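Right, one structure below, let's go through it.
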Protein chains: 2
Amino acid sequence: MPRDHGRSPHHAETEETRRAILHAARDLFTKLGYRAVTTRMVAEASGVKQPLLYYHFADKEALYLEVQREHTAASQAALERIAARQNASVPERLRDVVHYLRQTHQQNMGLLFHEMRHEMSPQMQNALRNLFQTRIVEPITAIFEDGIRSGFLRSPAAGGISARMGTYLLLSSSSNLSTMASREDETSQSSVFGKEREAIDAIVHTLMYGMVDHTTVEPEHVP
Amino acid sequence: MPRDHGRSPHHAETEETRRAILHAARDLFTKLGYRAVTTRMVAEASGVKQPLLYYHFADKEALYLEVQREHTAASQAALERIAARQNASVPERLRDVVHYLRQTHQQNMGLLFHEMRHEMSPQMQNALRNLFQTRIVEPITAIFEDGIRSGFLRSPAAGGISARMGTYLLLSSSSNLSTMASREDETSQSSVFGKEREAIDAIVHTLMYGMVDHTTVEPEHVP
DNA sequence: CCTACCGATCGGTAGG
DNA sequence: CCTACCGATCGGTAGG
């Protein structure tokens, strides 16, 4: 029986196993990153023997790519729905974007980029870059572009930053959010969930309005 | 001859070798992270055989800790000097902070935190957390506190964010800067150096004044 | 400061 | 879908 790497699921059981592997792999990869996850960890978490992974997927990179394909496809659908809500304000949509990404175990951006550059084959790098760019970055960038077009956000020509840079600032800030939130107050009694919502609101609000107190000093418009 | 792990350098040559190992290790760790650097890579880059590392350092973690001790000590000195420049404005000092961290191969924050949580022993985690907190975070936080005290920045009580959260936003934003800057314009003719300065200015400016266009719409003070 | 080497673990394959 | 196993590489040690 030749290896078809899951392209033609003849048995429903075979496809079920493939789904189990993908599900376990997704949880592990998003929590631990690419390098730290071993094929044996994925096998154990999905209840199969390790060599079976190579019946369903060509190698570890192919498994990772398939995980990312499914993950980013779901994210794209959700992010485009949020971006299209023209009745909601720009900050409201951005807050929902961050909240969605957090809910769905968004990956550590710094770790993701590092591994793309240092642990993956060139083809893999390109494939992942494209997925991330078209399915995550672009839907979010559309929200910032809305804001610039409507005059709510400063245009780059008027000393503002580009919609894409806004997206990267939002993603960078929110990707280390759990680290920040856990340090934010050591004497917390409130739930982690509540703290996280507050932190998301604070990040979006800061990105929109900045930290400067306009009630005391007039903003110095440094270009 | 007992292993003293470099605590009592009897020969000048021995100490020189130790310095070479630390220098090579620092370059590799900051570029590739803890896990991806092998003891054999450090040995080759410093011109010694791999087992010699274990004469100067107890193990890989001890070597990493010593690298971080020296690295953060130098950073602390520089950051405190910048923070103390009361004649410079808050945004000017923050810009110099980011510029300094970039110059001295600042590490990828997302990668650093991930490895602290998942690749290090508990003792190591605590040691690194303390170094990072007291030598990097606190000097930068002092600048934000200056800004809040002087009324330039909104206080947390007035709907602003804490000085520490400002620090984490600054560090998160600047730590993925090279990734952002490289995507920012694909048709660039200008030098990478110039692009990076512009990106740093844009990050600090956004953190201070936000992306909202105050000349068109009055800022909606959402708490 | 080196040669020689260890046990563990990795991604992946053979063969059924 | 499994058992059995591979070559490579890892952090670390023995012994001089």
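Lettering of chains follows the sequences in order, A, B, ..., and the numbering in each one begins at 1. Keep in mind that what you see is a predicted model, and the values were worked out from it rather than measured. Basis for what follows: all heavy atoms, side chains included, without hydrogens, waters or symmetry-related copies.
Contacts of Arg95(A) classified as side chain to side chain donor-acceptor pair (under 3.5 Å), with partners at least two apart in sequence or in another chain: none. With sequence neighbours excluded, the residues satisfying side chain to side chain donor-acceptor pair (under 3.5 Å) with Glu61(B) are Ser121(B). Contacts of Arg81(B) classified as side chain to side chain donor-acceptor pair (under 3.5 Å), with partners at least two apart in sequence or in another chain: none. In this structure, the side chain to side chain donor-acceptor pair (under 3.5 Å) partners of Asp96(A), at least two apart in sequence or on a different chain, are Arg85(A).
The shortest distance between the side-chain N/O atoms of Tyr54(A) and the OP1/OP2 oxygens of dG12(C) is below 4.0 Å. Neither OP1 nor OP2 of dC1(D) sits under 4.0 Å from any side-chain N or O of Thr14(A).
No hydrogens or angles considered: a donor-acceptor pair under 3.5 Å links the side chains of Thr167(A) and Thr141(A).
Per the geometry, CD belonging to Glu119(B) stands 14 Å off C1' belonging to dG11(D), to the nearest Å. Per the geometry, CD belonging to Glu61(A) stands 8 Å off P belonging to dG12(C), to the nearest Å. Gln50(B) places its CD atom 15 Å from the P atom of dC6(C), with the value rounded to the nearest Å. Between the CG atom of Leu53(A) and the P atom of dC1(D) there is a distance of 11 Å, given to the nearest Å. Distance, Lys60(B) NZ to dT13(D) P: 15 Å, rounded to whole Å.
The residues Glu115(A) and Arg35(A) are annotated as not salt-bridged, no charged nitrogen and carboxylate oxygen being separated by less than 4.0 angstrom. Look at Arg19(B) and Glu16(B) and you find no salt bridge, because none of the NZ, NE, NH1 or NH2 atoms lies under 4.0 Å from a carboxylate O.
The stretch residues 28-40 of chain B touches DNA chain D through Val37(B), Thr38(B), Thr39(B), Arg40(B), each having a heavy atom under 4.0 angstrom from the strand.
Using cut-offs of 30° and 60° for the angle between ring planes, the Tyr34(A) and Phe29(A) rings count as parallel.
Pairs of Watson-Crick or G-U wobble type, with distances under 3.5 Å, assemble into runs of 3 or more in DNA chain D at these ranges: C:1-16 with D:1-16.
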